[in-house]
> 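Okay, here's the structure, questions in a sec.
Quick caveat: nothing in here was measured; it's all calculated off a predicted structure.
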Amino acid sequence: MSRAIVFNGDETWEERDLPVPDPQPGGAVLRVEATGLCHSDIDHFRGHVHTSWGGAFPSIAGHEIVGRVEKIHAATAQAWGVAEGDRVAVRELLVTPQGYRIYGHDFSVDEGSGLHGGFAEHLELLPGSQVYRLREDLPAEQLTVFEPLSCAVTWVAPVRQDDVVLIEGPGHMGMATIVAARAAGASTVIVTGTAKDRFRLDWALRVGADHTIDVENEDPAGRVRELTEGRMADVVIDAAAGNPVTVNLAMDLVHKGGHVVIAGMKDRPLEGFHSDWIPTRRITLHPGAGLDTEGAVDLINAGKVPTADLLGDTFPLERFEDAFALLTRKVPGRDSIRIALRLS
């Protein structure tokens, strides 16, 4: 049996024991070592799923999954380039004959084995999955950063050598974007956040940012103007989740002819956006919607990612409630840049 955390879609959850299946032809069974927690898991808990093709409840959340191949047919092993016992990163996007689906978001626990999310001790990998071998010398919880990094390495596509890059939001996606921006050639990285983000802003400097700005206690546009000698940012990447006001702020922080990447998922519609900003200031908007798991894993395996500094806090499955409380910032006096669940 496999222990699993099941979200009911109404801000409640429960622990269940589910049978571990045999792998389907073209699939496998993974023993999950660790899974990172994400703001989208909070939305999932509340019954809101960002993917347009999914959202079944009750379901097992968790999509930042690292584990070991436990069972796999020989033909599948050859096709995937892995063997039983290998440690792998799971690409969350699954290609099926019916279209795309996402582990940890799009499957009901009542569909098939139900083990299609990372908040469980096992994951059934279905045909159409992709996995990538990960290094063996680091704790699995550190390696879960591959998933936010797999998004971040696509978000920085507009970045050119020696660009000034400004990242809105010092959450775990923002931290991954610092690493990706540096790898893309940014000469200066600036990170913005709010007063409650003080711990995270300080940590951003440790991860690789040059400057941070508290937008509640500083004039962000004035501060960026000062730091860039009036030029402003070449690329602004909105990695902030929740409040959409960061989209409007991004338009004030980018220079004429610059680029804005809209990436962080918002919890409500945006108000006060002026489309004239785009033509009059020649701003190019980009969707933060890519996924390059292979590229992220390559950076980690090559030792180019400060995985220890990006770890944050780790909890065992039996302390999921504590992990989720920290994720939702409900623990007085405590904050964390990232949170991972250790499952084996």
> Assert yes or no for the condition that the ring centre distance of Phe320 to Phe315 is strictly below 6.0 Å.
no
> Compute the centroid of each ring, for Phe7 and then for Phe324, and state whether the two points are separated by less than 6.0 Å.
yes
> Main chain of Ile72, side chain of Thr76: is a donor-acceptor contact present, judged purely on distance under 3.5 Å?
no
> What is the ring orientation for His274 with Trp277, classed by angle as parallel under 30°, tilted 30 to 60°, or perpendicular over 60°?
perpendicular
> Shortest non-hydrogen contact from Leu166 to Val224?
CD1-CG2, 3.5 Å
> How many angstroms lie between atom CZ of Arg206 and atom CD1 of Ile337, to the nearest 0.5 angstrom?
8.5 Å
> Treating Asp219 as the side-chain partner and Gly222 as the backbone partner, does any N or O pair qualify as donor plus acceptor under 3.5 Å?
yes
> Hey, what else clusters with Leu311 if you join Ile, Leu, Val, Met, Phe, Trp, Tyr whenever side-chain heavy atoms sit under 4.5 Å?
none
> For Arg329, is there an ion pair with Asp197 - N to carboxylate O distance below 4.0 angstrom?
yes
> Can you give me every donor-acceptor pair (side chain of residues 169-186, partner residue at least two apart or in another chain, under 3.5 Å) with its distance?
residue: His172; atom: NE2; partner: Glu64; partner atom: OE2; Å: 2.9
residue: Thr177; atom: OG1; partner: Met173; partner atom: O; Å: 2.7
residue: Arg182; atom: NE; partner: Gly208; partner atom: O; Å: 3.2
residue: Arg182; atom: NH1; partner: Ala186; partner atom: O; Å: 3.2
residue: Arg182; atom: NH1; partner: Ser187; partner atom: O; Å: 3.2
residue: Arg182; atom: NH2; partner: Gly208; partner atom: O; Å: 3.0
residue: Arg182; atom: NH2; partner: Asp210; partner atom: OD1; Å: 2.9
residue: Arg182; atom: NH2; partner: Asp210; partner atom: OD2; Å: 2.5

> Do Ile190 and Val164 have side-chain heavy atoms sitting under 4.5 Å apart?
yes
> What residue pairs, at least two apart or across chains, pass salt bridge (charged side-chain N to carboxylate O under 4.0 Å, His left out) with a residue in residues 282-308?
none
> Look at Glu136 together with Arg68 and state whether they make a salt bridge at an N to O cut-off of under 4.0 Å.
yes
